[in-house]
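These notes concern the structure reproduced below.
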Amino acid sequence: MAGKVSVIGAGAYGAMTAHRLAECDAFDTVVLTDVVEGRAEGLALDIGQCRPIVGFETHVVGRTTGRDGDGYDVLAGSDVVVLAAGVPRTPGMGRQELLETNAGVVRAAAAQIARYAADAVLIVVTNPLDEMTALAQRVTGFPHARVIGQGGVLDSARFTTFVADELGVPVSSVRTLTLGSHGDAMVPVPSRSTVDGRPLAEVLDPDALDAVAERTRTGGGEIVALLKTGSASHAPSAAAAAMARAIVGDTGTVLPVCAWLTGEYGISDVYLGVPAELGAGGVRRIVTAPLTESELAALTEAADTVRARQENLR
Ligand code: APR
């Protein structure tokens with residue numbers, strides 16, 4: 001595999017995503033940028049110096065970008081851009097505060113991505129995720145298929161981990177699915193989730209299943225509360241890197257992502273978490289998993305909630 005991936009925002013999430021992408025040795029170049037003078041360059045040197053120890057050859061480039069767009073030319077020729085700039089949630093931070101701060105960051109960065117990496121697939125990871133993905137698509141003017149958000153890979157990984165830990169089985173024997181929002185309107189989907197091929201409802205009693213689903217829904221907040229400053233970055237960066245690899249490798253891998261719906265699941269005109277087949281052009285197609293009546297009702301309700309939030313953001 002060869003190609004160029006750029007990561008905007010060299011904080012915990014972005015730096016670890018760049019590190020994972022470099023270390024998998026699947027790309028020619030990984031670019032890392034940040035507004036803080038020297039941070040991206042320093043981290044790029046640090047990541048690059050892992051090469052002889054770990055054994056990879058990826059060229060890692062760091063660049064400081066100015067608020068006026070200086071330095072963004074480094075994105076030219078990117079196959080994928082991961083947008084990881086913005087503040088993380090802290091305990092007690094209101095949703096509106098996070099939204100307003102990060103919307104400003106996303107607007108500014110998305111305009112530069114459209115200018116310098118007009119053919120890239122854009123993976124948004126900045127929170128609140130569903131809104132920031134919709135905003136980035138609007139600002140870039142990219143086709144919807146080329147702007148996707150990272151939410152579902154992480155949420156499903158959390159669901160899988162909690163189920164495996166509850167039952168004391170390897171994570172490899174558990175398959176789970178989450179749909180909807182990457183946040184309070186998340187819809188864990190037990191009917192599409194299995195342990196060694198057996199439906200989740202057969203191996204977990206209803207109370208245990210509810211508890212695991214609720215812990216999945218609040219999984220990000222659980223980590224924020226423990227860390228006190230900063231939010232999760234290890235599993236999120238693994239999720240973003242998996243998406244970038246599927247896109248650059250044009251693999252057709254089906255992953256749960258935040259994607260634009262045009263009638264799938266009876267839902268339209270909203271960015272929502274659904275399984276999608278990923279390839280060089282971003283989303284090749286949305287995969288419609290059969291759902292129970294109550295799961296579909298929950299997804300439809302989530303879509304209405306998320307659509308209203310996305311439409312309010314310009
Ligand atoms: N352009 C580039 N980088 C920026 C900009 C900008 N306009 N504004 C802020 N940054 C950088 C900061 O300088 C910092 O290095 O974004 C980085 C954010 O890093 P952290 O504070 O460590 O946050 P992180 O945990 O990486 O989360 C980033 O991802 O999961 C989401 O909720 C999280 O929205 C947050 C984002």
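None of the values given here were measured: they were computed from a predicted structure. Start at 1 and go down the list; that is how both ligands and their atoms are numbered.
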Specify the protein heavy atom at minimum distance from [atom]: its residue, its atom name, and the distance to 0.1 Å.
atom                    : value
atom 21 (O) of ligand 1 : Pro88 CD, 3.3 Å
atom 10 (N) of ligand 1 : Val35 CG2, 3.8 Å
atom 26 (O) of ligand 1 : Tyr13 N, 2.9 Å
atom 32 (O) of ligand 1 : Asn127 ND2, 3.1 Å
atom 19 (O) of ligand 1 : Gly11 CA, 3.1 Å
atom 22 (O) of ligand 1 : Ala12 N, 2.9 Å

Taking heavy atoms and a distance under 4.0 Å, where does [X] meet ligand 1: side chain, backbone, both or neither?
X      : result
Ala10  : backbone
Asn102 : side chain
Ala84  : backbone

Ring geometry between Trp260 and His144 (parallel below 30°, tilted from 30 to 60°, perpendicular above 60°)
parallel
If I apply the N/O under 3.5 Å rule, does Thr126 come out as touching ligand 1?
no
What about Ile8: any of its N or O atoms under 3.5 Å from an N or O on ligand 1?
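It does not: no N or O of Ile8 is found under 3.5 Å from an N or O of ligand 1.
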Would you mind telling me which of Val60, Val30, Val31 makes a side-chain contact (heavy atoms from CB on, under 4.5 Å) with Leu21?
Val30
So that I can tick it off, tell me whether [Y] and [X] are bridged by a salt bridge, with the cut-off set at under 4.0 angstrom between side-chain N and carboxylate O.
X      : Y      : result
Glu222 : Arg215 : yes
Asp184 : Arg309 : yes
Arg284 : Asp250 : yes

What pairs meet the side chain to side chain donor-acceptor pair (under 3.5 Å) rule with one or both residues in residues 100-123, with sequence neighbours excluded?
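Every side chain to side chain donor-acceptor pair (under 3.5 Å) pair that includes a residue of residues 100-123, provided the two are not neighbours, is Gln96-Glu100.
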With sequence neighbours excluded, give me every side chain to side chain donor-acceptor pair (under 3.5 Å) pair touching residues 204-214.
Glu214-Arg217
Does a sphere of radius 6.0 Å around CD in Glu202 hold more than 12 heavy atoms from other residues, nucleotides or ligands, not counting ones at 6.0 Å or beyond?
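Counting neighbours around CD of Glu202, more than 12 heavy atoms of other residues, nucleotides or ligands fall under 6.0 Å, so yes.
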Could you name the option among [options] that has the heavy atom nearest to [atom]?
atom                    : options                      : answer
atom 35 (C) of ligand 1 : Thr90, Val87, Val105, Leu154 : Val87
atom 9 (C) of ligand 1  : Gly66, Ala240, Gly86         : Gly86
atom 2 (C) of ligand 1  : Ala85, Pro128, Gly104        : Ala85

Do Thr58 and Glu23 have side-chain heavy atoms sitting under 4.5 Å apart?
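Thr58 vs Glu23: side chains apart.
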Below 4.0 Å from ligand 1: does a non-hydrogen atom of Asp34 turn up there or not?
yes
In terms of atom number and element, which parts of ligand 1 are under 4.0 angstrom from non-hydrogen atoms of [X]?
X      : result
Val36  : 13 (O)
Val125 : 29 (O), 30 (O), 31 (C)
Arg39  : 12 (C), 13 (O), 14 (C), 15 (O)

Can you tell which of Asp73, Asp34, Asp70, Thr33 makes a side-chain hydrogen bond (donor to acceptor under 3.5 Å, both in side chains) with Arg63?
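When Asp73, Asp34, Asp70, Thr33 are each tested with Arg63, the side-chain hydrogen bond (donor to acceptor under 3.5 Å, both in side chains) holds only for Asp73.
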Taking all heavy atoms of Pro188 and all of Phe159, pick out the closest pair and write down the distance.
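Nearest heavy atoms, Pro188 then Phe159: CB-CE2, 3.7 Å.
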